[in-house]
Amino acid sequence: MLKKQEIRYVLDTMAEMFPEAECELTHKNAFELTIAVVLSAQATDALVNKVTPGLFEKYKKPEDYINVPLEELEQDIRRIGLFRSKAKNIQKLCRSLIDNHNGIVPQERDELVKLAGVGRKTANVVTSVAFGEPAIAVDTHVERVSKRLGFCRWKDSVLEVEKTLMKKIPENEWSDTHHRMIFFGRYHCKSQRPNCPECPLLELCREGKKRMRKTASA
DNA sequence: CTCCCGATAT
DNA sequence: ATATCAGGAG
């Protein structure tokens, strides 16, 4: 596990590597962001960003999503994958916004997670990115980076990972480091071919050193 | 836990 | 061919 001093070094190094890390899902408001994050489950941001421009041109308000047949919405998001469940969730989500929230995306995490298709991770993204609340959304990248680097234990659940990160990182740095960890995981500490040879954190990364030994002897 | 699912990288 | 992608519902 990383020591306090090492965590400071990791955070500073990531800040140097990705100084302008931010949400890469294109959106113009909280509603579009919510839809985009729901769509992004098990899909790349790049793919979602190919679909959402046309989608947001056609569907501007919650009413627009429920005023078309489910099959039509399914076809409009088909390329992203998991399209049947996502289309259904989006229509339920929009009905709930209209019925319970005056057509507006609520700011409270407790209310956000009640929406169809919105779990803890999506709620954290929305509160953080759209409403400026400190939060650490643990997605596949944050989880992988945290475990490889030793912020937490390999067996920890995503909720445990989030709790540990919140405890070990100052609250005013949550949102920035959250995005930097995503960039670090997406572009450097990748799942399939992590760039350990050029990693400035290799010396304190147990997983990285293990991988280097493996490739050296192969 | 399984299922949902197409696009892309390896 | 297979693994992975800003996960969540049942």
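To find a chain, count down the sequence lines: A is the first, B the second, and so on, and within it residues start at 1.
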Base, sugar-phosphate alone, or nothing: which one does [X] contact when heavy atoms must sit under 4.0 Å apart?
| X | answer |
| --- | --- |
| A:A43 | base |
| A:I77 | nothing |
| A:K88 | nothing |
| A:V38 | nothing |
| A:V125 | base |
| A:R78 | sugar-phosphate |

Whole-Å gap separating [atom2] ([N]) and [atom1] ([X]):
| X | N | atom1 | atom2 | answer |
| --- | --- | --- | --- | --- |
| A:H188 | B:dA9 | NE2 | C1' | 18 Å |
| A:R186 | C:dT4 | CZ | C1' | 13 Å |
| A:L39 | B:dC5 | CG | P | 13 Å |
| A:H27 | C:dA6 | NE2 | C1' | 13 Å |
| A:H178 | C:dA6 | NE2 | P | 12 Å |
| A:L115 | C:dG7 | CG | C1' | 15 Å |
| A:R144 | C:dA6 | CZ | P | 9 Å |
| A:L25 | C:dA6 | CG | P | 9 Å |

Counting side-chain heavy atoms from CB outward, which of [options] is closest to [X]?
| X | options | result |
| --- | --- | --- |
| A:Q192 | B:dT10, C:dA9, B:dC5 | B:dT10 |
| A:R84 | C:dA6, B:dC5, C:dA3 | B:dC5 |
| A:C23 | C:dA6, B:dC4, C:dT4 | C:dA6 |
| A:T140 | C:dA6, C:dC5, B:dG6 | C:dC5 |
| A:K50 | C:dT4, C:dA6, B:dT8 | B:dT8 |
| A:Q42 | C:dC5, B:dT10, B:dC4 | C:dC5 |
| A:S85 | C:dC5, C:dA6, B:dC4 | B:dC4 |
| A:R79 | B:dA7, C:dC5, B:dC5 | B:dA7 |
| A:H179 | B:dT10, B:dC4, C:dA6 | C:dA6 |

Is [X] salt-bridged to [Y], cutoff N-O under 4.0 Å?
| X | Y | answer |
| --- | --- | --- |
| A:R144 | A:E207 | no |
| A:R186 | A:D45 | yes |
| A:R180 | A:E20 | no |

Residue whose closest nucleotide on DNA chain C lies nearer the 5' end, A:N89 versus A:I182: A:I182

5'-most by nearest nucleotide on DNA chain C - A:G117 or A:S40: A:S40

Between [N] and [M], how many Å separate the two [atom1] atoms, rounded to a whole number?
| N | M | atom1 | value |
| --- | --- | --- | --- |
| B:dC4 | C:dA1 | P | 23 Å |
| B:dC5 | C:dT2 | C1' | 15 Å |
| B:dA7 | C:dG8 | P | 22 Å |

Within 6.0 angstrom of A:K168 NZ, more than 12 heavy atoms from elsewhere: yes

Ring geometry between A:Y187 and A:F18 (parallel below 30°, tilted from 30 to 60°, perpendicular above 60°): tilted

Side-chain N or O of A:T44 closer than 4.0 Å to phosphate OP1/OP2 of B:dT8: no

N or O in side chain of A:T122 less than 4.0 angstrom from C:dG8 OP1/OP2: yes

5' priority, DNA chain B, between A:L82 and A:R193 [closest heavy atom]: A:L82

Main-chain N/O of A:R153 paired with A:D156 side-chain donor or acceptor, under 3.5 Å: yes

For A:F131 against A:V105, the heavy-atom pair lying closest together: CZ-O, 3.8 Å

Residue pair A:A36 / A:V48: nearest heavy atoms and the distance that separates them: O-CG1, 3.9 Å

Working for side-chain hydrogen bond (donor to acceptor under 3.5 Å, both in side chains), residues A:R8 and A:Q5: CA-CA 5 Å; A:R8 187 66 260 165; A:Q5 202 66 261; over 6 Å; no

Identified stems (criterion: three or more consecutive Watson-Crick or G-U pairs, under 3.5 Å), DNA chain B: B:1-4 with C:7-10, B:6-10 with C:1-5

Non-neighbouring partners of A:H179 that pass side chain to side chain donor-acceptor pair (under 3.5 Å), sequence neighbours left out: none

